[in-house]
Amino acid sequence: MLTHDLALGRIIRFMSKTSRRVVFGVLLIVTLVVSTGAALGYLGRLTLVFDRHPGKPLAILEEVAGPPDGPNCSIDARYFDEDPDGLRPDVLQAWLSLRAKASEQGVKLCLNDGKRSRGQQQKEFDEAVERFGSEELAKQYVLPPDKSMHVLGLAVDIQPIESAKWVEKNGSTLGWCRRYENEQWHFEYDANYSTGGCPPMLPRAPGT
């Protein structure tokens with residue numbers, strides 16, 4: 001009986017030590033993963049968002065695709081009015097607020113282009129290179145994926161131009177600013193714009 005009790009005690013002690021090691025190991029792995037993710041996010045290399053696809057709670061924002069198109073803009077059928085799917089959550093809320101404010105003043109904003117994934121942006125860039133004959137010329141109109149604010153979910157292209165002009169005049173109070181002189185339709189969101197105003201426009205998108 002004594003031998004049995006000693007053996008049982010040793011087993012319990014062994015299992016306790018093993019359990020502590022397992023728990024410690026799991027906690028260590030979780031800590032390393034969280035720390036790595038935080039560091040990459042701080043460096044701007046990784047942006048995590050809630051994914052709309054079931055079973056995928058987190059996704060890298062740059063890989064989240066936006067709609068390739070949408071219904072025709074109701075006031076100018078030359079353009080689309082796509083859903084704002086894939087925009088970063090704060091940008092989506094800012095877009096909805098901007099659209100509501102415009103609607104109150106009788107202005108219709110059509111979202112001709114919003115969120116793009118890296119793959120979507122690369123396809124548009126490749127098509128521009130083919131159309132214009134060189135990457136340098138293409139970059140004046142379409143940026144490669146690593147330069148595009150559309151890929152980051154921070155930019156929208158608003159049409160028609162009369163609507164874009166309204167946003168240029170009224171959008172800064174909600175964080176929206178036109179960024180490039182050669183793109184009347186392109187606006188980017190930054191919460192700081194609502195208090196600090198819009199930065200000076202660039203002649204064209206960076207990367208050219």
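Computed from a prediction, not measured in an experiment: that's the story for all the values here.
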Can Leu137 be reached from Tyr141 by stepping across I, L, V, M, F, W or Y side chains whose heavy atoms are under 4.5 Å apart? yes
Same cluster (ILVMFWY, side-chain, under 4.5 Å), Trp95 and Val107: yes
Side-chain heavy atoms of Leu98 within contact of Trp166, under 4.5 Å: yes
Where is the tightest heavy-atom contact between Leu87 and Ala155, given as atom of each residue plus distance? CD2-O, 4.0 Å
Evaluate the side-chain proximity of Phe187 to Glu168: yes if any heavy-atom separation is below 4.5 Å, no if none is. yes
For Arg88 and Leu61, run side-chain contact (heavy atoms from CB on, under 4.5 Å): C-alpha distance rounded to whole Å, both residues' side-chain angles, the deciding distance at 0.1 Å, then the answer. CA-CA 8 Å; Arg88 207 173 69 181; Leu61 183 60; 4.1 Å; yes
Neighbour count >12 (heavy atoms, 6.0 Å) for atom CD, Gln105: yes
Judged by atom type as modelled, is there a donor-acceptor pair below 3.5 Å linking the side chain of Asn112 to the main-chain atoms of Phe80? yes
Could you check whether any side-chain N or O of Gln159 sits under 3.5 Å from a backbone N or O of Leu111, counting only pairs where one atom can act as donor and the other as acceptor? no
To check you understand the geometry: which heavy-atom pair defines the closest contact between Asn182 and Ala205, and what is its length? OD1-N, 4.3 Å
Going by heavy atoms in the side chains, are Glu188 and Val91 under 4.5 Å from each other? no
Please check this pair: side chain of Ser172 against backbone of Gly175, looking for a donor-acceptor N/O pair closer than 3.5 Å. no
Any chance you could measure His150, atom NE2, to Glu62, atom CD, to the nearest 0.5 Å? 14.5 Å
Worked verdict on Arg116 versus Asp157 for salt bridge (Lys or Arg N to Asp or Glu O under 4.0 Å): CA-CA 12 Å; Arg116 301 174 196 147; Asp157 290 346; 3.5 Å; yes
Check the angle between the aromatic planes of His186 and Tyr180 and answer parallel, tilted or perpendicular using the 30° and 60° thresholds. parallel
Nearest 0.5 angstrom please: Gln140 CD to Ser134 OG, how far? 8.0 Å
To the nearest 0.5 Å, what is the distance between CD on Glu183 and CD1 on Ile158? 12.5 Å
For residues Arg179 and Pro199, determine if any side-chain heavy atom of one lies less than 4.5 Å from a side-chain heavy atom of the other. yes
Are the side chains of Glu135 and Phe125 in touch, meaning some heavy atoms are under 4.5 Å apart? yes
Are any of the side-chain nitrogens in Asp81 or Lys108 under 4.0 Å away from the carboxylate oxygens of its partner? yes
Is there a side-chain contact between Asp76 and Cys110, using heavy atoms and a 4.5 Å cut-off? no
State plainly whether one hydrophobic cluster holds both Val156 and Tyr79, where clusters connect Ile, Leu, Val, Met, Phe, Trp and Tyr through side-chain heavy atoms under 4.5 angstrom apart. no
Within 6.0 Å of NZ in Lys101, more than 12 heavy atoms from elsewhere: yes
Look at the side chain of Asp83 and the backbone N and O of Asp85, then say whether any donor-acceptor pair between them is shorter than 3.5 Å. no
Tell me whether Asp126 is salt-bridged to Arg131, with the criterion being a basic N under 4.0 Å from an acidic carboxylate O. no
Would a hydrophobic clustering, with Ile, Leu, Val, Met, Phe, Trp and Tyr connected at side-chain separations under 4.5 Å, put Met201 with Trp185? no
Non-hydrogen side-chain atoms of Glu181 and Leu202 separated by less than 4.5 Å: no
Ser148 side chain vs Pro145 backbone, donor-acceptor pair below 3.5 Å: no
Donor-acceptor under 3.5 Å (Gln120 side chain, Ser117 main chain): yes
Rounded to the nearest 0.5 Å, what separates atom CD in Gln121 from atom CE in Met149? 10.0 Å
Within the distance-only criterion (no hydrogens, no angle test), does the side chain of Arg99 pair as donor or acceptor with the backbone N or O of Leu109 below 3.5 angstrom? yes
For the residue pair Trp176 and Tyr189, is the inter-centroid distance of their aromatic rings smaller than 6.0 Å? yes
Which value, rounded to the nearest 0.5 Å, describes the distance between Lys165 atom NZ and Asn170 atom CG? 14.0 Å
Any link between Leu154 and Leu92 through a network of hydrophobic side chains (Ile, Leu, Val, Met, Phe, Trp, Tyr) touching at under 4.5 Å? yes
Answer yes or no: is there a side-chain heavy-atom contact under 4.5 Å between Lys115 and Leu152? no
Closest non-hydrogen atom pair, Gly86 against Val64: CA-CG1, 4.0 Å
